[in-house]
**Q** 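Can you read through this structure? Questions will come right after.
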Amino acid sequence: MSPAVLPAAFFARPATEVAPDLLGKVLVRLDDGVRRAARIVETEAYHGPDDQASHARRGPTPRAAIMFGPAGVAYVYLIYGRSHCLNVVTGAPGEPSAVLLRAAEPIEGCLHSTRGPGNLCRALGVTRRRHDGLVLGGAELLVLDGPVPDMIVATPRIGVESAGPRWARRRWRFLDAGSGWVSGARGR
DNA sequence: GCCACGATAGTG
DNA sequence: ACTATCGTGGCG
């Protein structure tokens, strides 16, 4: 029996619940018949319009509007002019939140390292042009169910210092502590 | 229009 | 520690 595709209802919960629950699940990208897959080992929650680290903090701007929509949709953006980052929209419509997929263990067809959010997108061939706004569970992108990791660790999120201590301090980064594929080679 | 800056990654 | 590289969004 092959693992179930996670339904939209899985994502229609607060990002802080969905983020740890995504650890151990398998991200699949179907690239013109080529299957690329990786087991998710690191995520971050971006929770609501009050979260000053979230792209949704300024309201539904053209880029962030997708986060205000229904759960289970991909939010892909370009950062530093070079790296794409893949999120899954979570929560109820109108409440902007999302989970950033930061690292995974390669399973099949990966083109590059899957450590770090930009690298993960590159490894699976995920881009803003092609995938932003796509419903997960369709012909291009989906997440398969998988066992919960033995040990989950929560830490502060990466690269959000400018949001201020109140938001940077919150432990909304979640790791499969048993995986060697989490990002931050120098323990950051 | 204009421009400062970023949920990064690779090099030194 | 330093910076490449370009889309986004604040501001005028």
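In what follows, chains carry the letters A, B, and so on, assigned in the order in which the sequence lines appear, proteins first and then strands, with residues in each chain numbered from 1. The figures that follow rest on heavy atoms only: side chains count, while hydrogens, waters and symmetry mates do not.
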**Q** Look at the side chain of A:Ser162 and decide which nucleotide, out of B:dT8, B:dG10, B:dG6, has an atom nearest to it.
**A**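 In terms of side-chain proximity for A:Ser162, the closest of B:dT8, B:dG10, B:dG6 is B:dG6.
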
**Q** Classify the ring geometry between A:Tyr75 and A:His55 as parallel (under 30°), tilted (30 to 60°) or perpendicular (over 60°).
**A**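 Rings of A:Tyr75 and A:His55: perpendicular, over 60°.
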
**Q** Are A:Leu101 and A:Leu134 connected into the same hydrophobic cluster when the rule is that any two of I, L, V, M, F, W, Y join if their side-chain heavy atoms are below 4.5 Å apart?
**A**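 Looking at the clustering, A:Leu101 is in a separate group from A:Leu134.
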
**Q** OP1 or OP2 of B:dA7 versus the side-chain N and O atoms of A:Arg102: is any pair under 4.0 Å?
**A**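 The answer is no; no side-chain N or O of A:Arg102 sits under 4.0 Å from OP1 or OP2.
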
**Q** Is any side-chain N or O of A:Ser83 closer than 4.0 Å to OP1 or OP2 of B:dA9?
**A**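 No, because none of the side-chain N or O atoms of A:Ser83 sits under 4.0 Å from OP1 or OP2 of B:dA9.
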
**Q** Could you tell me how far apart A:Arg57 (CZ) and B:dC5 (P) are, to the nearest whole angstrom?
**A**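 Interatomic distance, CZ of A:Arg57 to P of B:dC5: 13 Å.
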
**Q** Does the structure show a Watson-Crick or G-U wobble partner for C:dT5, both distances under 3.5 Å? Name it, or say none.
**A**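 Its partner: none found.
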
**Q** Could you tell me the separation between the CD1 atom of A:Ile158 and the C1' atom of B:dA9, rounded to a whole number of Å?
**A**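 Roughly 13 Å, once rounded to whole Å.
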
**Q** Over all strands shown, is A:Leu78 touching base, sugar-phosphate only, or nothing at heavy-atom distances under 4.0 angstrom?
**A**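 The answer is sugar-phosphate, as A:Leu78 gets under 4.0 Å only of primed atoms, P, OP1 or OP2.
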
**Q** Indicate yes or no: does A:Arg63 engage A:Asp132 in a salt bridge with an N to O separation below 4.0 Å.
**A**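 No, no charged N to carboxylate O under 4.0 Å.
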
**Q** Could you state the atom-to-atom distance from OH of A:Tyr46 to P of B:dG6 in whole Å?
**A**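 Atom-to-atom, A:Tyr46 to B:dG6, this comes out as 13 Å.
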
**Q** Between B:dT11 atom C1' and A:Asn119 atom CG, what is the distance in whole Å?
**A**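 Between C1' of B:dT11 and CG of A:Asn119: 14 Å.
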
**Q** Kindly point out which of B:dG10, C:dG10, B:dA9 is positioned nearest to the side chain of A:Pro117?
**A**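 Nearest nucleotide to the side chain: B:dA9.
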
**Q** When we call it a touch if two heavy atoms are under 4.0 Å apart, what does A:Asn87 touch: a base, just sugar-phosphate, or nothing?
**A**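 The residue A:Asn87 makes base contact.
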
**Q** Both A:Gly81 and A:His112 contact DNA chain B. Which one's nearest nucleotide lies toward the 5' end?
**A**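 Taking each residue's closest nucleotide, the earlier one in sequence belongs to A:Gly81.
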
**Q** Could you measure between the two P atoms, the one in C:dT5 and the one in B:dC2, and give it in whole Å?
**A**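 Roughly 23 Å separates the two P atoms.
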
**Q** Does a side-chain N or O from A:Arg82 land closer than 4.0 Å to OP1 or OP2 of B:dA9, or not?
**A**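 No, A:Arg82 has no side-chain N/O under 4.0 Å of OP1/OP2 on B:dA9.
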
**Q** Consider the side chain of A:Arg128, meaning its heavy atoms from C-beta on, and name the nucleotide among B:dA9, C:dA4, C:dT8 that approaches it most closely.
**A**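 For the A:Arg128 side chain, the nearest candidate turns out to be C:dT8.
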
**Q** Quickly work out the A:Phe174 CZ to B:dA7 C1' distance and round it to whole Å.
**A**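 Going from CZ in A:Phe174 over to C1' in B:dA7 covers 15 Å.
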
**Q** What do the steps show when you test A:Glu140 against A:Arg29 for salt bridge (charged side-chain N to carboxylate O under 4.0 Å, His left out), and what is the final call?
**A** CA-CA 6 Å; A:Glu140 273 273 345; A:Arg29 143 90 154 129; 2.6 Å; yes

**Q** CH2 of A:Trp181 versus P of B:dA9: gap in Å, rounded?
**A**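 That distance rounds to 13 Å.
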
**Q** Please determine if A:Glu44 and A:Arg157 form a salt bridge, counting it only when a charged side-chain N lies under 4.0 Å from a carboxylate O.
**A**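 So A:Glu44 does not pair with A:Arg157 through a salt bridge.
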
**Q** What's the closest nucleotide to the side chain of A:Ile79 if the choices are B:dG6, C:dG7, C:dG9?
**A**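 Among the listed nucleotides, the one closest to the side chain of A:Ile79 is B:dG6.
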
**Q** Mind checking who B:dA7 pairs with, Watson-Crick or G-U wobble, both distances under 3.5 Å?
**A**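 Here B:dA7 is not engaged in any pair, so there is no nucleotide opposite it.
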
**Q** Tell me whether A:Tyr80 and B:dA9 count as stacked here, given that the ring centres must be under 5.5 Å apart and the planes must differ by less than 30 degrees.
**A**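 Ring-base stacking flag not set for A:Tyr80 and B:dA9.
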
**Q** Given atom OH of A:Tyr75 and atom P of C:dG7, what is their separation to the nearest angstrom?
**A**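 One finds 14 Å between P of C:dG7 and OH of A:Tyr75, rounded.
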
**Q** Take A:Arg57 and A:Asp51 through the salt bridge (charged side-chain N to carboxylate O under 4.0 Å, His left out) test and state the conclusion after the steps.
**A** CA-CA 6 Å; A:Arg57 69 188 178 279; A:Asp51 181 356; over 6 Å; no

**Q** Among C:dG9, C:dG7, B:dA7, find the nucleotide with the atom closest to the side chain of A:Met67.
**A**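 Given the options C:dG9, C:dG7, B:dA7, the side chain of A:Met67 is closest to B:dA7.
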
**Q** Taking OP1 and OP2 of B:dA7, is either one under 4.0 Å from a side-chain nitrogen or oxygen of A:Arg173?
**A**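 No, because none of the side-chain N or O atoms of A:Arg173 sits under 4.0 Å from OP1 or OP2 of B:dA7.
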
**Q** Once you round it to whole Å, what is the distance between C1' of B:dC5 and CZ of A:Arg58?
**A**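 Computing the A:Arg58:CZ to B:dC5:C1' distance gives 10 Å.
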
